[in-house]
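Note that ligands are numbered from 1 as they come in the structure, with each ligand's atoms numbered from 1 the same way. As the structure is a prediction and not an experimental result, all values here were calculated from the model.
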Amino acid sequence: MGKIADPKLAGEGEKNFLWAKNHMVALNALSAKYGKGKPFSGVTVGVCLHVTKETSVLVDALVKAGADVKLAAANPLSTQDDIAAFLAREAEVWAWKGQTAKEYEWCIRQVVAQKPAILIDDGADLHVAAMTARLESVLGGCEETTTGVVRITALEREGKLGYPIIAINNAKTKHLFDNRYGTGQSTFDGILRATALLIAGKMVVVVGYGWVGKGVARRAAGLGARVTVVEIDPIKALEAHLDGFEVSSISEAARRGEIFITCTGMKGVIPYSSIELMREGAILSNAGHFDVEIDVKTLLARAKSVRGVRPNVDEVVLPDGKKVYLLAKGRIVNLVAAEGHPPEVMQMSFANQFMSALYLLKNHSNLVTRVLDVPPEIESQVALATLESLGISIDRATKAQLKYAESWKI
Ligand code: ADE
């Protein structure tokens, strides 16, 4: 019996689903309100997300709102098998932990073969597969992550976008919280589960100072690390400096760092030439979507030996005999070695996904084939529902204040 049909595993998955659902009150409130009349009835929704307990809450909300969900994983190593087994009760699922590259692509092609009308993606592999297949069933799509938005924006520039796509990542209620606080916490969750080492006092090198890098650097400092930021954008580098971090080049940081975390979405930001400069025992990890940020290929090709010393920790002996440790094979460490972002953060990202998918369904005939922003009214609903879920109430502008603000108009 395959893992996906294992009832015991599905039972474990159900417990994790309920744990996440209890902490995703804003998503529950919005999906209950807008999903009540089953607006997705008869609609096939193709989903390519990391198969986590938080994703199960979104998939369940879509199913409860009438959708026929077809699900593949957004990474070969990030699937939580108990969640895949649980979701297989209510959706068609092609996902398991430890896929080969070929299996991973095959699973995505199975979703495309179901002729979905709406696509929800993380990283744009599903969008690219749908566009390559010239899938005509698609009315519109959503894209979760920075890397995916970069890819679909490139397709738009080349005139190759096949349907309108809402860039969920560009919503403030996504990147300000998910990228910064979600990745900030879950990256250390992954590093700590993998290594069980002390962070305090260590030299942590954060490569990239976008929203993810900002979150990771701040958490590293909070855990007592000495933090160096490596950044090629001069404005972001200055920002890191004034935020109180040491800023340096990768070759300088390579000599001093003890734990390295890549957060750029860019290829080769830790080149092999920098790995050669590192001290004995340096730990290498990646928080970006693809496994291209550390030059893992050259590292493994040149290695004297490679052996797993703990789950998600490979000891790599360099030609000169020095050992470095590669976490999660250089793949996204927070999802491979831990469970991804916490539910309280994912409720915002996934409320944006749910509401935007519904928006596409209702408005697709009026939308242009472009990369679109999450409509502002959805953003404010997500923010207000999240505040409410946290028991926070805020003031409104008084009439006099509104009048004062208006008074500047000419
Ligand atoms: N991306 C980062 N964290 C995640 C999570 N918990 N679930 C799905 N996608 C994620």
Residues with a heavy atom under 4.0 Å from ligand 1, by chain and number, are H50, T52, E54, T55, L335, E339, G340, H341, M346, F350
Taking only residues two or more places apart in sequence or in another chain, which ones pass ring pair (Phe, Tyr, Trp, His ring centres under 6.0 Å) with F188? none
Who passes side-chain hydrogen bond (donor to acceptor under 3.5 Å, both in side chains) against N16, sequence neighbours left out? D82
Do K97 and S78 have side chains that get closer than 4.5 Å, going by heavy atoms? no
Residues which pass side-chain hydrogen bond (donor to acceptor under 3.5 Å, both in side chains) with R89, listed by chain and number, not counting sequence neighbours: E14
Between Y359 and H364 (judged by ring centroids, cut-off 6.0 Å), do the two rings come close enough to count as a pair? no
Minimum side-chain heavy-atom gap E103-W96 below 4.5 Å: yes
